[in-house]
Amino acid sequence: MLSIILLSVSGIASLFLGFNKSRSLLMPATLLFLLVALAVNLWDWNVPFTLSSAYNNGMMTVDKTTIVFSAILLVSALLVIPFSQNYIDRPQAQPAEYYAILLFALVGGIMMTAYDNLIMLFVGVEILSISMYVLAGSDKRNLRSTEAALKYFLMGAFATGFLLFGVALLYGATMSFSIKGIADYTNANVGNLSPLLYVGIVMVLIGVLFKVSAAPFHFWTPDVYEGSPSLFTAFMSTVVKTAGFAALYRLLAVSFTGLYDYWAMSIAVVALLTLVVGNITASHQHSFKRMMAYSGISHAGYLLIAVTAFQNTSQDAILFYSLAYSVATIAAFGVLILVADKQQGSEDFSAFNGLAKNNPFLAFVMTLAMCSLAGIPLTGGFFGKFLIFSSAFAKGGLNWLLIGAILMSAVGIYYYFKVVIAMYIREGKTEKIALTGLQQAAFVLSILLTLLLGVVPNLFADLV
Amino acid sequence: MQLTLLCALVPLFPFIGFLVNGLGFRNIPNSAAGVISTASAVASFVVSVLLFSNFLSGGSQPFTAVLFDWVSVGGLKIQFSYLIDQLSLLMLMVVTGVGSLIHLYSMGYMHHDEGFGKFMAFLNLFMFSMLLLVMGSNYLIMFFGWEGVGLCSYLLIGFWNKNVSYGDAARKAFVMNRIGDLGFLIGIFLIINTFGSVEYQQVFPKAVELFKAGDSTVFWITFCLFIGAMGKSAQIPLYTWLPDAMAGPTPVSALIHAATMVTAGIYMVIRSNVLYTLAPDTLEIIAIVGLATALFAASIGLFQNDIKKVLAYSTVSQLGYMFLALGVMAYSSAMFHVMTHAFFKALLFLGAGSVIHAMGGEQDIRKMGGLQGHIKITFLTFLIGTIAISGIPPFAGFFSKDEILMHVYEHNKLLWALGVVGSMMTSFYMFRLLFLTFFGTFRGTKHQHEHLHESPLSMTVPLMVLAVLSVFGGALGLPEVFGFNHQLANFMSPLFEHSKTVNALVGAKSALPHSTEYALMFVSVMAVALSMTAAWVLFVKKANVPASDETLDGMTKVIYNKYYVDEIYQAAIVKPLYSLSEFCHSVAETAMDMLVESTGKLVNVAGNGFRQLQTGIVGYYVLAMVAGILLFAVFTLRSVLF
C-alpha cells in the first residue's frame, strides 16, 4: 500500500516541478514516479497475506488480486503519459497540474481495487471522479471540453448520491461499513434480511454501474469521451473502467456471494443491454473517437458477463480482459492523438484515409489494436473474450446472454475494421508523422503485450 | 536447467537471424545479412551437436524441455515443450547440418539478387519452423511448425514473384498443402478427442492400452494424419505441386523441396509409429501409395529436359520409396533413407544450381553438354551424387535403398519386383541427366560458352562436404550381412518399444537367410548397372539428344507432359469447382445478400434510433437515467417486492 503514499507525494512533487520554467522535466519525472510506484506495488508480491496484513484497521487489503489490478492501472498510465507531449507544448497548457491530477487519480483507482471498507470505496471513487471532471475540462478554451466536464460533473454527482445513499442504507441494515462485516451479517441472517439491505445493494450497484458506463446509465459517456482531450479520454476509458470493475467484483465477491440469485439476473440484463446499445450505436458513427466511446461501453458489457458468471475463473477473466482492452485502447488513442494533430484536429474516420502509405508503423499499431478489440485470434482481445465466454458457459443457464454477446462481437468487427479499411484502402494524404522515442516505446510495448497475451495467454492467465 | 536452455537455443538462433534480417533487410548490407543468417544456422548446428553428445553420454534417455504452459482449455493442457530423443536428434542433425551448408551456398548463389536479405531471412524462418516441427513434444507444436514450413515454402517458391507463373506455382503449392493440412488437423482433433492429450508421451502408451491392432478409430486417426503427409511429402494424388515448386531459387529446392521439409511427412509417421502399427490397413494404403508414387514419378522423370524438373520428379519418387518402407513397418530404414537422400539430393540440387549458374540461367539439358572440362568440381560432385542415388555400392544410397527393398521383399515379392523396376528407372534418368549435361559436345550459344566458369568457393565447399557425406553416409547403417552391426537401427530401436508390443515384426532382425540377401543385392545392382549402360549407349555412344517438344508423339508425349495429370485435375476438380462457385455466385449469393443486407439495415435503423436518444441535453439525460434507475430498481427488487 506504499504505492498510494508514494503516488500522493509524487503528485505534490510534480506540482512543485511546475514552478520550474522548463517543462521538459515534467514528463520524465512523472514516468519515473510511476515506475517507482509500479515497483513498490509489485514488491508485496511474495509477502504472505494474512488478516494482519490488512492496512489501517481493516480499511484496505493487499493481496495478489489487488496487486495485479493496481499494476494494470499503473501500466495503463505509463502507456498514456508518452502521448502527453502534444499537450505540454501548447502555450495555455498547465502540464504540472495535469500530471499531478493523473497521479492523484491513480491513488483513487488503487483504493478502489483494494478497499475493505465502504468508506474507502467512496473516497476512492470520489478521488478518481473529481480528478476526471477536472481533466475532462482541461482544454479550457475549447467549448466542447468545458461542456464535457460540466456534463460529467452533473451526472457524476447524481450517481455519487446514489452510491453514498446506498452505502448509508447498507450500514443501516448491517451496522457495518466493512465489506467482510456485511458478509458476516448476511450469512448470519439468511432468510431474515432487512429490506434496507436490498435497496442498499441496488443503489450501490447503480452508482458503480454508472462509473463503468453500463447501459442505461451510459448517457454521459459518448459526450464526455468525445469532448475531453483524447489523452484523458484514453485514461478515462481504461483506468476508470478497470478500477470500476475491480471495485464492483470485489464488493459482490466479498459481501454478496450469498445473495447471488438476487443481483445476478439484473447484472445479466444490464450486460446484454450494454452490449446492444454500445455495439449498435458504435456502428453508426462518423467520428472515430465517438466510436471508441461506444466501443468502451460495449466492452463494459463483456466484462459484466464475467461478473454475472461469478465463477472461480471470472476474476482472472476480468483481469485478463482489462489488461488486453486497456493496452489496445491506449494504442488506438495514441495513434488518434498523433493523426488528429496532423489533420487539423479532425477525429473522424476520414482522418485516417491512406495513413498506411507514409506511416506503416502507426497503421500497423492501429490494426493490431482494432484486431484485439474486435477479438481476432492471436491477439489478447481474443483470449480475453474467450475466457469470459468460457466462464459464463461453465456457469450454465446464460446461453441467451452468450448468443447475444457473440452476435454483438460480429457487429464489433464491422466498425473496428472501418478504420483499418480507411488506413489501407482509401486514398488520402498524411505526411510522415515523427514519433518521440517514448511514444515508439509505448507502441512497441503495446504491440508486444497484445501479441503475448494472444499467443501465450497462460503466462498471464495463471498469474493470480 | 542447462539442458532446457540448450534446447530452447536451437530454434532461437535462426529465429533471431530471421528477425534481424527480416526487420532490417533494407538497411543491412548484403555481406552482413549473409553472415548473420549463416552464422545463426551454424550456431544452431553446434548446439544440436552438443545436445547429441550430451544425449549419448547421458545414457540415451529421452528428455522433455518444458518452456512454458501454452494453452489450457478445460481439461486439455498443452505445454510448449521440446522432446529430445533419438528421432528428433537425427532430424536436428540433418536440418541444421544440411541447412547450414545450404545457407553458406546461398551466400554465393543469391549474391547478386536484390532481395538477398529478404531471402536469407526467409531461409532462417524456414529453419526455425522446421526445428519446431521436429523438436516439439506434441502434435500441436508439430502442426505449428508444419504450417510454418508451408508458409516459408510458399514465400520462397514465389520469391521471384515478378514472374507470374512462379507466383502461380507458389499458390499451387500452398493450396495442395492446405488440402493435406486439413486432413492433418482433423487427425489432431481425433487424437484430442480420443486420448484427451496431444503430448506424444501420453498418447502412445495410452494407444497401446486402449486399442488392439485394426481398430477403426486408430485407422481414421492415422489415415487423416497420412493425408497431411501426402500433401507435405508430395505423394499421389497431391504431388503435382513439388515439380512446379522448382520455380523457387535453387538453394530453396535443395533445402526445402528435397532435403528437409518434404520429409516432414515421413518424420510424422515414424514419430507416430505406434499408431500406425496399430492400423495395418493404413500401412497397406501407405505402401501402395508410396510404390505407385515411386514408379509414376520415376517414369515421368525419364523424359524431362529441365535439369531441376528431373531432380524434382526424382525427389517425388524417392519419397515414394520412403513411404513404401513405412508401409512395411521398416521405420528405421525409412529414416536411414531420409538421411542419405538429404545428403545426395541436396548435393544434386546444389550441383544443378552450380551448372545453372555457369550457364547463365539456362536449365534445359538439351542446350548443355560437355561441361565436364569447364566445371570440374561440380562435375565430380554431381557424378558422386548420381552414383549415390542410383544405388551403386558402396555409396550411401545403395545401403539405404537396398535395406528398404529387402524389407519389402519380406513383405510382398511383387512389391519388391516393382521396386526394382523403379530403381532401374532412377538410374536411367539420373545417368541420362549426367551424360547429357557433362558429356558430348557443347550445344549452347557461343556467348554461354565464353561465360562458362566454376562457381565461387562458398558454393563449391558445400558441394564437396555433401559429396563426402554421400560417399560415406552409408556407414551409418552398414548391414549385418556384411558382418557389421547396424548402428542406426540399434540407435533408433528404443523409439519402437511400444510398437514392438503390438507387432513383434517391428524392428525385428531380418529372417531372410544371408544367401537370399546377397541374391537380392546382386539383382538390384545388376538391374541398375544395366539401365546405366543403356543410358551410356544412348546418350554418349550414340550421342542422342532428346527431340524438341513439337516432334514428340505417342506415349513419349504423354509422359513428357506428365501424363496430363495437371490437365486432368483442372478438368475434374478445378472446372467443376468453378461452375459450382459460379452457381453460388448467381443464385445463393443473391439470397445471402438479401439476408445480410437486411440484417445490416436493421442494425442501421437501430443504430440511428439509439443515436437519436443521444441528444446532448443534460436534462434529458438525467430523465433517461432516472427512468433507467427505476426500471433497474424494480427489476432487481422484484423478488423482494412481489
Side-chain angles (χ1 to χ4, degrees), chain A residues 147 150-151 154-155 158-159 162 193 195 197-199 201-203 205-206 209-210 214-223 227 261-263 265-267 269-270 273 276-285 290 294 383 386-387 390 393-394 407 410-411 414-415 455-459 461-462, chain B residues 19 23 26 66-81 132 140-141 144 147 596-597 599-642:
Chain A
E147 183 192 332
L150 190 66
K151 272 186 184 161
L154 285 173
M155 305 288 291
F158 191 55
F162 276 89
L193 291 168
L197 180 79
Y198 289 115
V199 180
I201 294 175
V202 168
M203 301 231 154
L205 283 182
I206 288 170
L209 286 175
F210 172 87
F217 317 116
H218 68 283
F219 286 97
W220 60 277
T221 317
D223 294 5
D261 293 333
Y262 168 65
W263 54 261
M265 192 40 105
S266 306
I267 301 275
V269 171
V270 168
L273 190 61
V276 171
V277 169
N279 281 303
I280 293 207
T281 325
S283 66
H284 218 271
Q285 303 300 325
R290 207 167 165 85
Y294 283 105
F383 271 103
F386 176 78
L387 290 174
S390 64
F393 189 71
L407 285 180
V411 177
Y414 164 70
Y415 59 79
V455 178
V456 274
N458 275 29
L459 280 187
D462 291 344
Chain B
L19 284 183
L23 293 175
R26 287 198 179 82
V66 182
L67 298 192
F68 49 83
D69 282 348
W70 197 11
V71 188
S72 57
V73 184
L76 180 70
K77 269 207 186 317
I78 300 172
Q79 291 175 326
F80 198 97
S81 49
L132 281 190
L140 195 67
I141 299 182
F144 210 70
E147 291 298 304
V596 171
E597 273 175 20
T599 316
K601 276 195 186 121
L602 189 72
V603 170
N604 247 351
V605 170
N608 217 7
F610 284 132
R611 203 167 56 120
Q612 279 163 8
L613 284 180
Q614 200 76 35
T615 53
I617 300 163
V618 179
Y620 171 76
Y621 288 178
V622 175
L623 182 72
M625 214 175 123
V626 170
I629 287 168
L630 280 176
L631 283 176
F632 182 77
V634 171
F635 183 73
T636 313
L637 289 166
R638 71 193 186 285
S639 57
V640 186
L641 289 174
F642 311 116

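In what follows, every chain begins at residue 1, and chains take the letters A, B, ... in the order their sequences are listed. Reckoned from all heavy atoms, side chains included, excluding hydrogens, waters and symmetry mates. In this text the structure is predicted, and so the values were computed from the model without any measurement.
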Which portion of A/Phe158 sits near chain B, non-hydrogen atoms under 4.5 angstrom = side chain
Region of A/Phe162 in contact with chain B, defined by heavy-atom distances below 4.5 Å = side chain
Count the heavy-atom pairs under 4.5 Å between each of B/Leu631, B/Thr636, B/Val618 and chain A, then report the option with the highest count.
-> B/Thr636
Turns out that what part of A/Ile201 lies under 4.5 Å from chain B's heavy atoms comes down to neither
What part of A/Ser283 lies closer than 4.5 angstrom to a heavy atom of chain B: side chain, backbone, both or neither?
-> side chain
Less than 4.5 Å apart, any side-chain heavy atom of B/Ser81 and any of B/Leu67?
-> no
Find out whether B/Phe632 and A/Val269 are in side-chain contact, i.e. whether some heavy atom of one side chain is under 4.5 Å from a heavy atom of the other.
-> no
If you count heavy-atom pairs under 4.5 Å with chain B, which of A/Tyr414, A/Tyr262, A/Trp263 comes out on top?
-> A/Tyr262
By a 4.5 Å heavy-atom criterion (distance strictly below it), what part of B/Tyr621 contacts chain A: side chain, backbone, both, or neither?
-> both
Could you state the interatomic distance from CE (A/Met155) to NE2 (A/His218), rounded to the nearest 0.5 Å?
-> 9.5 Å
Report yes if some heavy atom in the side chain of A/Arg290 is under 4.5 Å from a heavy atom in the side chain of A/Asp223; otherwise report no.
-> yes
Side-chain contact test, heavy atoms from C-beta onward, threshold under 4.5 Å: evaluate it for B/Met625 versus A/Phe210 and give yes or no.
-> yes
Under 4.5 Å between any side-chain heavy atoms of B/Ile629 and A/Phe217, yes or no?
-> yes
